[in-house]
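Everything below concerns the one structure shown next.
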Amino acid sequence: MKVRVRFAPSPTGYLHIGGARTALFNWLYARHTGGTFVLRIEDTDAARNSQEAVDVILQGLRWLGLEWDEGPISGDATGSSKGDRGPYFQSQRRENYQRRVEALLSRGLAYEHEGAIKFKMQREAILIPDLVVGDVKRELTDREAVDPDFVIVRSDGQPVFHFVNVIDDLEMGITHVIRGEDHLSNTAKHIALFNAFGVKPPHYAHIPLILNQDGSKMSKRDTGASLAHYTENGYAPEAVLNYLCLLGWSPKNNREKMAMSEVVELFDLPQILRHNAKFDLEKLNWLNGEYLRDITDDRFRELGVHALAKAGVDTNKYPVDYVKSALDTCKGKVKTFGELPTYAGFYFRDEVVYDAEAAKKDFVPENKPRVAKLREAFANLGSFDADSVGAALAATAKELGVKNGVLVHPARLACTGNISGPSLYHLISIIGKEKTLHRLDAALQRMG
RNA sequence: GACCCUAUCGUCUAGCGGUUAGGACACUGCCCUUUCACGGCAGCGGCUCGGGUUCGAUUCCCGAUAGGGUCGCCA
């Protein structure tokens, strides 16, 4: 039987990072088994539904590269879709639910109660076979012991999640339900529903949750909980995806950075971890840096310009070649594009903003004659390429009887305002002689 | 309150009865170097506790504790 999995988010206006990982695991399993990855939108809660909210999910998945084989093409619930088991929006599947409710009603498996319709739940414990957790025997809670039946259709006629979710999985032929562990306890209800329809329940695989660094649940207000945080702060999708793979799953051979094709090959349900994982932004940043080092120069420039623009740094005022060269000196240096405005801002500003502490240390009278000498050397330079600049600095240092670093530090501070940054020789060569001399002069003035 | 899941360095993890408990991020030191980053080397740091089972438990069982989840006319 061909594997059919699904990611069934509800359009809440953002894509939770945990949801993104659930989608990823489903996608991986589909690709690993040659199965089908279905995207279904659970928009039963009309109150907080909008096409924009659906688009957020669609865009997020596309950004990650998690293409679905069946599902909506746009956020329009009435729009077209791909796949022959649609509609893929629950809001368009009302008749199905209605028919199923009636079937239950007519067979006495459900009954009306205060305007709502309740499902007659069995009173015994239910065994939940789970591919990740193992067999789980779900006993009734004290409340359920009093009344195990649950509402499947509200008094306003709206069917509830537990019901529509099962009906859709059933009708869409879903073979494996891979979802967050927060659904584990309720799976008993789902299994009972499948049984009521005389259908064998799908295989279940409940994956652990992603928690905050302090162990609390990641909620919308936590920074980093939304995928948008990564799309907007210049992360590379492949890095985010790679990091997500490593939360709750392991290739078991000490690999960290791996291509998706490799993960697809290795990924399987039984080896998914059973305990929750805390989200470690530092490690994601590291991985992102690894990917940023490998992406093409063009892509780096593209993302870099975007990140700078977002920070209010308009690169359009500068020649294309200048921007290109400037960004090239940053590649392999920054871990995330969020660092770029600070790292490379000096390229795109007239005034240099000095790091106060460094200025105190480097802009001292003792350095004045040295920097003055360096300025002179630069001024006399015919060719202003990086090699010439470096040679001039080295020659000056030698003449002065000091190590290169003695000149490098104040020069860097003068030209960039920072104590670290791109290769000094290259950056000086890029901003050009005029600006360099100007900045050295400004620094000289501050040395007393 | 009841039910369910979980428990290896700070974090992500390898381990599946006998290991000097391995790797990665972070952190510290050194080397390389025009700064930083990268890279290289070294270091710091862990099996929640208590009972069993066993010749022997991080590993198996039970309990406790802790964390997470669920018990809705939310999804």
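Note on naming: letters A, B, ... go to the chains in the order of the sequence lines (proteins, then strands), and numbering restarts at 1 for each one.
Salt bridge annotation for A:R100-A:E171: present, with a cationic side-chain nitrogen under 4.0 angstrom from a carboxylate oxygen.
Interface residues of residues 118-136 of chain A facing RNA chain B, ordered by number: A:V133, A:V136; criterion, heavy-atom separation under 4.0 Å. Of the residues in residues 391-406 of chain A, not one comes within less than 4.0 Å of RNA chain B through any heavy atom.
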Scan the side chains in residues 391-402 of chain A for donor-acceptor partners under 3.5 Å anywhere in the protein, sequence neighbours excluded, and list what turns up.
{"from": "A:T396", "atom 1": "OG1", "to": "A:A392", "atom 2": "O", "distance (Å)": "2.6"}
{"from": "A:E399", "atom 1": "OE2", "to": "A:K373", "atom 2": "NZ", "distance (Å)": "3.1"}

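At a cut-off of 3.5 angstrom, counting only N and O atoms as typed in the model, there is a donor on one side and an acceptor on the other between the side-chain of A:R412 and the base of B:U35.
Within 4.0 Å of A:S250, counting heavy atoms only, lie sugar-phosphate atoms of the nucleic acid but no base atom. Among the protein residues, A:L287 comes within range of no part of the nucleic acid, since none of its heavy atoms lies under 4.0 Å from any strand. Residue contacts for A:E139: at a heavy-atom cut-off of 4.0 Å it reaches the sugar-phosphate backbone alone, with no base atom in range. When heavy atoms are screened at a 4.0 angstrom cut-off, A:A277 is found touching the sugar-phosphate backbone but no base atom. Contact annotation for A:G180: no contact, since no heavy-atom pair falls under 4.0 Å across all strands. Among the heavy atoms of the strands lying under 4.0 Å from A:Q213 are primed sugar atoms or P, OP1, OP2 only; no base atom is included.
Along RNA chain B, the nucleotide nearest A:N253 and the nucleotide nearest A:L424 are compared for position; the residue whose nucleotide lies closer to the 5' end is A:N253.
Remark: A:N26 pairs with no residue by the side-chain hydrogen bond (donor to acceptor under 3.5 Å, both in side chains) rule, at least two apart or across chains.
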| note | In 5'-to-3' order, the base (B), backbone-only (S) or no-contact (-) status of each nucleotide in nucleotides 36-41 of chain B, using a 4.0 angstrom heavy-atom cut-off, is BSS---
| task | Could you encode protein contacts along nucleotides 66-72 of chain B as a string, one character per nucleotide from 5' to 3', using B for base contact, S for sugar-phosphate-only contact and - for no contact, with a heavy-atom cut-off of under 4.0 Å? | result | --BBSBS
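In the set B:C12, B:U34, B:G23, B:U34 carries the atom at the smallest distance from any side-chain atom of A:S423.
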